[in-house]
Protein chains: 2
Amino acid sequence: MTVYKAAVVDAAKASRAVRKEPAEGALETSPLQLGELSELLGYSLKRAQLKVFEDFLHCVAPLQLTPAQFSVLLLLEKNPGRNQTEIANTLGILRPNFVAMLDGLESRDLCARARSANDRRSHVLMLTDKGKAVLARAKKLVASKHEARLNELLGPANRAALLSMLTKIAREF
Amino acid sequence: MTVYKAAVVDAAKASRAVRKEPAEGALETSPLQLGELSELLGYSLKRAQLKVFEDFLHCVAPLQLTPAQFSVLLLLEKNPGRNQTEIANTLGILRPNFVAMLDGLESRDLCARARSANDRRSHVLMLTDKGKAVLARAKKLVASKHEARLNELLGPANRAALLSMLTKIAREF
DNA sequence: AATAATTGTTATTCACCATATCAAATACCG
DNA sequence: CGGTATTTGATATGGTGAATAACAATTATT
């Protein structure tokens, strides 16, 4: 169960490929009936999640950060000095898969591994100065573009209610 | 952007692997601070979606249907006689990837392809009798186990509000 | 001291996602 | 009508995510 990952792609391009706009004067076939599909929570959940990730990627594109990478940076900022297992587990990333992910962040000098003094098996993780700076910029982009757009669509109260229910499902379901 | 797919796996097993329960008398390290992560809608959205899919797979396991396959069957029931392109597009599945998916359903005799009389390029899709029967059973399982559990967790009103907001995001965001 | 468990890592497998390309069939257009 | 473009289902391929097994180094257990 790896959580909150997404490839850095041109989201608009992918979206266009799927929508397959009827290419102008095309034979317009009648739209399909979604039927009970529109009552399936999982279906809406997945489609909404794809849309939100797509917008996240677009908003934070200047910094080339995926949702998963952003979540790692956020977690490292709040919890410096933890090891790979702890960070990976909290995010629902399997430790083997977290290695390559960290390699990517470290090669961009956004975070650093250091051998722990107490336990020489584990690597202590922390943000670099550049990592802190990039994260700060990312936060601003996310807040001013991404989350702001969600707020605009739903309204603050609805957005809060939505977040609350999603969190509840994630925790208790 | 393929929507509503999920592998048929033992969800509980995967979940256990991630949670990594502290194996009894293990050195209990203090839990990490999620920090601003808990305010990120996309993060909760993704984690909730994984939980919901996991439960769906569990509930409908006797019939060996993934969310994606279930959505195809639902769509075929409501829209018999459509071709592969139409069904795939509506679900956000790319046509090349839809071929193998249909092969799977057809090899289990859940649906059938037939060459169209009007346009001999396209395949007209429809549920088989077995497909209708399996879908009927699946619907009952989903309603009585899966959606019922969500209703119990959130309450009917909240569940409806959640669905409404997710649909809005999926459509308008 | 011997054995078991943990940490980071590699390798590998599988599902999903996306693009390019193709042959057959159809639509379009001069 | 005939030639070109488009559409449909299909194949091949590459990329990414997710999951498991296994390993060496280190630490914990007993």
Side-chain angles (χ1 to χ4, degrees), chain A residues 1-11 13-18 20 22-27 29 46 50 53-54 57 66-69 82-89 91-104 106 113-125, chain B residues 1-11 13-18 20 22-27 29 46 50 53-54 57 66-69 82-89 91-104 106 113-125:
Chain A
M1 178 179 76
T2 294
V3 154
Y4 212 49
K5 286 193 181 179
V8 172
V9 294
D10 184 353
K13 185 180 178 187
S15 190
R16 242 183 298 111
V18 164
K20 198 66 176 181
E24 202 56 35
L27 177 68
T29 94
K46 180 72 184 185
L50 288 174
F53 270 42
E54 184 179 313
L57 283 172
T66 67
Q69 291 172 326
R82 299 297 192 138
N83 65 25
Q84 300 184 193
T85 298
E86 291 171 313
I87 300 293
N89 280 344
L91 292 176
I93 302 175
L94 294 174
R95 288 181 306 282
N97 299 330
F98 192 52
V99 174
M101 193 172 171
L102 262 190
D103 288 347
E106 201 178 17
R113 297 185 240 224
R115 295 224 91 98
S116 163
N118 327 337
D119 186 341
R120 286 165 43 204
R121 287 171 300 185
S122 60
H123 292 167
V124 159
L125 300 179
Chain B
M1 178 179 75
T2 295
V3 153
Y4 212 47
K5 285 194 184 180
V8 172
V9 294
D10 183 352
K13 186 180 178 187
S15 190
R16 243 184 296 112
V18 165
K20 197 68 175 182
E24 202 58 33
L27 177 69
T29 92
K46 179 74 184 185
L50 288 173
F53 269 43
E54 184 179 312
L57 283 172
T66 65
Q69 291 171 326
R82 298 298 192 136
N83 66 26
Q84 300 184 193
T85 298
E86 291 171 312
I87 299 292
N89 280 343
L91 293 176
I93 302 176
L94 295 174
R95 288 180 307 282
N97 299 328
F98 192 51
V99 173
M101 192 171 172
L102 262 191
D103 289 346
E106 202 178 16
R113 296 184 239 223
R115 297 224 90 97
S116 163
N118 327 337
D119 187 340
R120 285 165 44 205
R121 286 170 301 185
S122 60
H123 291 168
V124 160
L125 301 180

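Throughout, protein chains are lettered first and strands after them, A, B, ... in sequence-line order, and every chain is numbered starting at 1.
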Asker: May I have the distance from A:Asp103 (atom CG) to C:dA11 (atom P), rounded to whole angstrom?
Answerer: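 Taking CG of A:Asp103 and P of C:dA11, I get 12 Å after rounding.
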
Asker: Go through the structure and list residues passing side chain to side chain donor-acceptor pair (under 3.5 Å) with B:Arg121, not counting sequence neighbours.
Answerer: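 Listed in chain order: B:Asp119.
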
Asker: Looking only at heavy atoms, which two atoms of B:Val99 and B:Gln84 are closest? And how far apart?
Answerer: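 So the two residues come closest at CG2-NE2, 4.3 Å.
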
Asker: How long is the line joining CZ of B:Phe53 and C1' of C:dC16, in whole Å?
Answerer: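 Atom CZ in B:Phe53 sits about 12 Å away from atom C1' in C:dC16.
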
Asker: Strictly distance-based, threshold 3.5 Å: is any side-chain N or O of B:Arg95 a donor or acceptor partner for the main-chain N or O of B:Thr85?
Answerer: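 Not confirmed, B:Arg95 side chain does not pair with B:Thr85 backbone.
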
Asker: Quick check on contacts: within residues 117-125 of chain A, what sits under 4.0 Å from DNA chain D by heavy-atom distance?
Answerer: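 Residues of residues 117-125 of chain A that come under 4.0 Å of DNA chain D are, in numerical order, A:Asn118, A:Asp119, A:Arg120, A:Arg121.
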
Asker: Atom CZ of A:Arg115 to atom C1' of D:dA24: distance rounded to whole Å?
Answerer: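 Going from A:Arg115 (CZ) to D:dA24 (C1'), I get 11 Å.
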
Asker: To the nearest 0.5 Å, what is the distance between CG (B:Leu91) and CG (B:Asn97)?
Answerer: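 So the gap between those two atoms works out to 12.5 Å.
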
Asker: For the pair made of CZ in B:Arg95 and P in C:dC22, what is the distance, rounded to whole Å?
Answerer: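 So the two atoms are 17 Å apart, to the nearest Å.
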
Asker: Roughly how many Å is it from CD in B:Gln69 to C1' in C:dA15, rounded to a whole number?
Answerer: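 After rounding, the reported distance stands at 12 Å.
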
Asker: With sequence neighbours left out, what residues match A:Arg82 under salt bridge (Lys or Arg N to Asp or Glu O under 4.0 Å)?
Answerer: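 Checked A:Arg82 against salt bridge (Lys or Arg N to Asp or Glu O under 4.0 Å); matches are A:Glu86.
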
Asker: If I take atom CG in residue A:Leu91 and atom C1' in nucleotide D:dG17, what distance separates them, rounded to the nearest angstrom?
Answerer: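 So the CG-C1' distance, A:Leu91 to D:dG17, works out to 15 Å.
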
Asker: Show the nearest heavy-atom pair for residues B:Met101 and B:Gln69, with the distance to one decimal.
Answerer: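 So the minimum-distance heavy-atom pair works out to CE-N, 3.5 Å.
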
Asker: Does A:Arg113 have a side-chain nitrogen or oxygen under 4.0 Å from the phosphate oxygens OP1 or OP2 of C:dT9?
Answerer: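 A:Arg113 to C:dT9 OP1/OP2: side-chain N or O found under 4.0 Å.
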
Asker: Ignoring the backbone of B:Asn97, work out which of C:dA20, C:dT9, C:dC17 is nearest its side chain.
Answerer: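 Nucleotide nearest to B:Asn97's side chain: C:dC17.
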
Asker: Can you check whether A:Thr85 has a side-chain N or O nearer than 4.0 Å to OP1 or OP2 of C:dT6?
Answerer: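 So the side-chain polar atoms of A:Thr85 never come under 4.0 Å of the phosphate oxygens OP1 or OP2 of C:dT6.
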
Asker: Output the rounded distance in Å from CG (B:Leu50) to P (C:dC16).
Answerer: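 Taking CG of B:Leu50 and P of C:dC16, I get 13 Å after rounding.
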
Asker: What's the CG-C1' distance between B:Leu94 and C:dA15, to the nearest Å?
Answerer: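 Distance, rounded to whole Å: 15 Å.
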
Asker: Indicate the atoms forming the closest heavy-atom contact of A:Ile87 with A:Leu125, along with that distance.
Answerer: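 Looking at all heavy atoms of both residues, the closest pair is CG1-CD1, 4.0 Å.
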
